[in-house]
S.K.: 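Dropping a structure here in structure tokens format, bear with me for questions.
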Amino acid sequence: MNEEVRSTVSEQELSEILRVRRDKLKTLQEAGKDPFRITRFDTTHHSAQVVADYAALEGKDVAVAGRMMVKRVMGKASFCKIQDREGVIQCYVSRDDLGEEDYAAFKKMDIGDIIGVKGFVFQTKTGEVTVHAASVTLLSKSLKPLPEKFHGLTDVDARYRQRYVDLIVNPEVRDTFIKRSQIISEIRRFLDARGFMEVETPMLVANAGGAAARPFETHYNALDEDVRLRISLELYLKRLIVGGLEKVYEIGRVFRNEGIDTRHNPEFTLMELYQAYTDYHGMMDLTEDMFRHLAQVVCGTTTISYQGTEIDLGKPFERLTMTEAVKRWGGVDFDSVSTLEEARALAKEHGIEYEQRHEKGDILNLFFETYCEDKLIQPVFIMDHPIEISPLTKKKPGDPSKVERFELFIYGREMCNAYSELNDPIDQRARFAAQDALAAAGDAEANHTDEDFLNALEIGMPPTGGIGYGIDRLVMLLTDSASIRDVLLFPTLKQTNN
């Protein structure tokens with residue numbers, strides 16, 4: 001069966017393909033040519049190198065290896081294309097060069113097999129850079145066929161479950177994850193150049209604080225203690241600021257026992273950084289510089305396209321308070337609302353549902369989510385959040401109902417969350433007590449008092465700016481990916497019986 005030209009494969013045909021491939025492997029093994037016994041193949045170049053350096057490599061010997069994606073047998077001579085981490089390279093294989101036995105063996109190889117090719121570099125009449133094979137070695141036998149050539153792996157669920165196949169047959173997917181790696185590497189370079197120190201903090205914690213989220217719970221057998229997976233990086237990093245490290249950051253997985261959708265995955269990559277002797281304005285400046293830098297370096301421009309919308313990261317980001325945003329798009333001036341009763345009346349008037357436990361600031365936030373978020377397409381910092389939704393943040397001088405906090409929104413999505421960090425241990429204890437009360441009232445996402453963290457604050461923490469970035473959403477933006485699952489190599493999926 002010619003796998004290159006089939007358009008559909010029945011279950012019976014697939015079963016026959018699987019049988020034939022296993023029979024080929026058995027024949028090789030019986031002849032003492034088991035490909036799985038080969039332990040190494042020394043390559044000299046990757047595909048893109050051969051093509052890019054053709055002028056210097058013409059006529060020179062190279063050794064390349066990868067997965068065979070195309071094979072065209074034309075009697076005494078054949079062409080194949082192998083795919084490695086950098087792309088695809090064509091190889092010319094002839095009976096005269098390999099000899100009768102090895103050429104016959106090559107003809108029996110299948111699409112998906114991993115092979116090594118040694119030979120010299122030349123250019124075909126059509127101008128394609130090609131390796132003229134002197135030898136072809138089967139390095140690994142593919143016992144299952146790849147998705148057929150013309151339609152690829154298109155089922156979304158199958159792509160996420162079998163990411164290894166997705167990476168093979170969909171080059172744009174491979175490009176996304178290469179760019180993800182570049183983004184994270186460039187973030188490190190950007191911060192390291194500004195004197196930040198990368199650190200690592202615990203994932204298993206007694207008190208999962210620092211964010212409003214429901215944690216995953218597990219158990220330490222050796223200690224016979226229940227613990228939780230961290231939901232943020234904040235409280236340990238701020239302990240390091242107390243310890244005098246001044247500029248620290250961590251890039252790591254956090255775990256939140258919440259829903260799954262196009263923007264949320266229960267485990268995701270978060271970066272948090274903390275800088276002593278600055279505030280949330282300093283964090284805004286750093287964030288704007290970093291986003292602009294990443295776009296320029298990774299995408300080659302500060303004007304990018306996301307889902308058909310042009311996003312300009314080159315011009316100064318707008319800065320609005322939350323009340324200014326609600327007044328602009330919701331038509332309500334919360335700065336003139338003085339009581340909880342007034343806020344509830346406004347919510348009822350506008351059809352915004354609230355819970356009995358919600359305070360005035362919570363209702364302001366509900367107005368913001370309802371009227372504003374989807375309007376924030378170009379980069380905008382939303383500042384000065386109500387204190388009720390910001391338990392770890394320093395109060396705004398002159399207005400204790402607000403805190404020095406901002407969120408960056410792009411394309412209607414929160415990209416980061418930053419504070420002028422609360423460093424008053426007495427105030428922090430009172431805020432923790434309020435969170436404990438919420439937890440007792442049934443709020444599964446409330447924080448809990450962390451005595452060791454309070455002890456650290458009592459030792460003394462300098463004025464500090466802190467910020468958390470959702471790395472996955474940043475990668476989505478810079479790779480024009482619609483779903484968070486498109487930028488996670490192995491996203492969380494419901495288990496199947498397969």
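Hydrogens, waters and symmetry mates are skipped; everything else that's a heavy atom, side chains included, is used.
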S.K.: Side chains of T303 and T301: donor-acceptor distance under 3.5 Å anywhere?
M.R.: no

S.K.: Which heavy atom of L493 sits nearest a heavy atom of Y160, and at what distance?
M.R.: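 Shortest heavy-atom contact: CD1-CB, 3.7 Å.
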
S.K.: Would you say S232's side chain and G209's backbone share a donor-acceptor pair under 3.5 angstrom?
M.R.: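 The answer is yes, because a donor-acceptor pair under 3.5 Å joins these two groups.
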
S.K.: Please report the C-alpha distance between Y249 and R194 in whole Å, then the side-chain angles of each, then the deciding distance to 0.1 Å, and finally whether the side chain to side chain donor-acceptor pair (under 3.5 Å) criterion is met.
M.R.: CA-CA 12 Å; Y249 74 96; R194 285 157 178 77; over 6 Å; no

S.K.: To the nearest 0.5 Å, what is the distance between OG1 (T218) and CG (L204)?
M.R.: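 Here the rounded value is 7.0 Å.
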
S.K.: Any idea which heavy atoms bring P462 and A276 closest together, and the distance?
M.R.: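 Heavy atoms only, the tightest pair is CG-CB, 3.8 Å.
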
S.K.: Which value, rounded to the nearest 0.5 Å, describes the distance between F177 atom CZ and L167 atom CG?
M.R.: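 Separation between the atoms: 6.5 Å.
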
S.K.: On the ring face of Y236, is R239 found with NZ or CZ under 6.0 Å from the centre and within 45° of the axis?
M.R.: yes

S.K.: R180 vs T269, test: side chain to side chain donor-acceptor pair (under 3.5 Å). Steps then yes/no.
M.R.: CA-CA 12 Å; R180 179 190 175 104; T269 302; 3.3 Å; yes

S.K.: Does atom CD of E353 have more than 12 heavy-atom neighbours from other groups under 6.0 Å away?
M.R.: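 Counting other residues, nucleotides and ligands, CD of E353 stays at 12 neighbours or fewer.
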
S.K.: Which heavy atom of I467 sits nearest a heavy atom of A418, and at what distance?
M.R.: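 Nearest pair, atom of I467 first, then A418: CG1-CB, 3.5 Å.
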
S.K.: Hey, are Y354 and N365 close enough side-chain-wise for a donor-acceptor pair under 3.5 Å?
M.R.: no

S.K.: Does any N or O in the side chain of Q83 come within less than 3.5 Å of the main-chain N or O of G87, such that one atom is a donor and the other an acceptor?
M.R.: no

S.K.: Side chains of L294 and L478: closer than 4.5 Å at any heavy-atom pair?
M.R.: yes

S.K.: With no hydrogens and no angle check, just 3.5 Å: does a side-chain donor-acceptor pair link T393 and R405?
M.R.: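 Not at all, the side chains of T393 and R405 share no donor-acceptor pair under 3.5 Å.
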
S.K.: Just grab all the salt bridge (Lys or Arg N to Asp or Glu O under 4.0 Å) pairs involving residues 240-257, residues at least two apart or on different chains.
M.R.: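 The answer is R230-E250, R253-E267.
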
S.K.: Hey, are the side chains of Y306 and R413 touching, using non-hydrogen atoms and a 4.5 Å cut-off?
M.R.: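 Side chain of Y306 against side chain of R413, heavy atoms only: contact under 4.5 Å found.
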
S.K.: Just verifying a value: how many Å separate L376 CG and I382 CD1, rounded to the nearest 0.5 Å?
M.R.: 5.0 Å

S.K.: May I have the step-by-step check of salt bridge (Lys or Arg N to Asp or Glu O under 4.0 Å) for D480 and K179, ending in yes or no?
M.R.: CA-CA 11 Å; D480 194 14; K179 188 172 283 189; over 6 Å; no

S.K.: For I426, does the CD1 atom sit with more than 12 other heavy atoms under 6.0 Å from it, leaving out its own atoms?
M.R.: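 Incorrect, the count does not exceed 12.
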
S.K.: Should T464 and K238 be marked as a side chain to side chain contact (heavy atoms under 4.5 Å, CB included) after you check the CA-CA gap, both sets of side-chain angles, and the distance that decides it?
M.R.: CA-CA 9 Å; T464 298; K238 286 158 81 169; 5.6 Å; no

S.K.: Should F381 and T287 count as side-chain neighbours, where that means a heavy-atom distance under 4.5 Å?
M.R.: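 Counting from C-beta outward, F381 and T287 do come under 4.5 Å.
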
S.K.: Any chance you could lay out the side chain to side chain contact (heavy atoms under 4.5 Å, CB included) test for I410 and L313, step after step, and finish with the verdict?
M.R.: CA-CA 10 Å; I410 301 176; L313 299 171; 4.0 Å; yes

S.K.: What distance separates D261 CG from H264 NE2, expressed to the nearest 0.5 Å?
M.R.: 5.5 Å

S.K.: With sequence neighbours excluded, what pairs up with E217 under the salt bridge (Lys or Arg N to Asp or Glu O under 4.0 Å) test?
M.R.: R228

S.K.: Name the orientation class of the two ring planes belonging to F453 and F432 (parallel below 30°, tilted from 30 to 60°, perpendicular beyond 60°).
M.R.: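 Aromatic pair F453/F432 classed perpendicular.
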
S.K.: The test is side chain to side chain contact (heavy atoms under 4.5 Å, CB included); show your working for L240 and Y274 and say whether it passes.
M.R.: CA-CA 9 Å; L240 300 180; Y274 294 85; over 6 Å; no

S.K.: So, does H350 use its side chain to make a donor-acceptor pair with the main chain of L346 at under 3.5 Å?
M.R.: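 Yes; at least one donor-acceptor contact below 3.5 Å.
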
S.K.: Between R292 and E288 (salt bridge meaning N to carboxylate O under 4.0 Å), is one present in this structure?
M.R.: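 Yes, R292 and E288 are salt-bridged.
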
S.K.: In Å and rounded to the nearest 0.5 Å, what is the CD to CG distance from E445 to N447?
M.R.: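 Answer rounded to 0.5 Å: 10.5 Å.
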
S.K.: Identify the residue among I363, D362, L364 that makes a side chain to side chain contact (heavy atoms under 4.5 Å, CB included) with P386.
M.R.: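 Option passing the side chain to side chain contact (heavy atoms under 4.5 Å, CB included) with P386: L364.
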
S.K.: Count the heavy atoms belonging to other residues, nucleotides or ligands that lie under 6.0 Å from NZ of K375, then report whether that count exceeds 12.
M.R.: yes

S.K.: For the pair D157 and K494, find out whether any cationic side-chain nitrogen is under 4.0 Å from an anionic carboxylate oxygen.
M.R.: no

S.K.: Take a 6.0 Å sphere around NZ of K327 and say whether it holds more than 12 heavy atoms from other residues, nucleotides or ligands.
M.R.: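 Count not over threshold, so no.
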
S.K.: Should V403 and K396 count as side-chain neighbours, where that means a heavy-atom distance under 4.5 Å?
M.R.: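 Side chain of V403 against side chain of K396, heavy atoms only: no contact under 4.5 Å found.
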
S.K.: Strictly distance-based, threshold 3.5 Å: is any side-chain N or O of T43 a donor or acceptor partner for the main-chain N or O of H45?
M.R.: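 No: the side chain of T43 does not pair with the backbone of H45.
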
S.K.: Report the C-alpha separation of M283 and Q275 in whole Å, then their side-chain angles, then the decisive distance to 0.1 Å, and conclude whether the side chain to side chain contact (heavy atoms under 4.5 Å, CB included) test is met.
M.R.: CA-CA 9 Å; M283 294 294 98; Q275 179 177 343; 3.7 Å; yes

S.K.: With a 6.0 Å cut-off (strictly less than), is the heavy-atom count around CD of E349, excluding the residue itself, greater than 12?
M.R.: yes

S.K.: Find out whether Y280 and D384 are in side-chain contact, i.e. whether some heavy atom of one side chain is under 4.5 Å from a heavy atom of the other.
M.R.: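 Answer yes - side chains close enough.
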
S.K.: Is D472 reaching over with its side chain to a backbone N or O of L488, donor-acceptor style, under 3.5 angstrom?
M.R.: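 A pair under 3.5 Å: no.
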
S.K.: Is the shortest side-chain heavy-atom distance between E414 and R473 below 4.5 Å?
M.R.: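 Touching, per the 4.5 Å side-chain cut-off.
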
S.K.: How about R485 and N265: does a side-chain donor come under 3.5 Å of a side-chain acceptor?
M.R.: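 No.
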
S.K.: Below 4.5 Å, heavy atoms only, C-beta onward: do R67 and L146 meet side chain to side chain?
M.R.: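 SC-SC contact between R67 and L146 confirmed.
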
S.K.: What pair of heavy atoms forms the shortest contact from S47 to V88, and how long is it?
M.R.: OG-N, 3.5 Å

S.K.: State, yes or no, whether a side-chain contact exists between L286 and F196 at a heavy-atom distance under 4.5 Å.
M.R.: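 In short, these two side chains touch, coming nearer than 4.5 Å.
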
S.K.: Counting N and O atoms only, with roles assigned by atom type, does the side chain of R163 sit under 3.5 Å from a partner on the main chain of L489, one being a donor and the other an acceptor?
M.R.: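 Answer holds: yes.
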
S.K.: Looking at every heavy atom in both Q378 and E310, which two are closest together, and how far apart are they?
M.R.: NE2-O, 2.8 Å

S.K.: Roughly how far, to the nearest 0.5 Å, is the CD atom of Q49 from the CG atom of D84?
M.R.: 8.5 Å

S.K.: Consider side chain to side chain donor-acceptor pair (under 3.5 Å). Of D424, D427, N423, D279, which one does K394 pass it with?
M.R.: N423

S.K.: Salt bridge check, R319 against D285: does any charged N sit closer than 4.0 Å to a carboxylate O?
M.R.: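 Yes, D285 and R319 are salt-bridged.
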
S.K.: Does a side-chain N-to-carboxylate-O contact under 4.0 Å join D192 and R189?
M.R.: no

S.K.: If the condition is salt bridge (Lys or Arg N to Asp or Glu O under 4.0 Å), which residues does D374 pass it with, not counting sequence neighbours?
M.R.: none

S.K.: So that I know where these two stand, are F409 and F368 an aromatic pair - ring centroids less than 6.0 Å apart?
M.R.: yes

S.K.: Is there a donor-acceptor contact under 3.5 Å from the side chain of Q162 to the main chain of A158?
M.R.: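 No, the answer is negative, given that no donor and acceptor are paired below the 3.5 Å cut-off.
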
S.K.: I168 and R174: which non-hydrogen atoms are nearest, and at how many Å?
M.R.: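 Where I168 meets R174 most closely, the heavy atoms are CA-NH2, 4.3 Å.
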
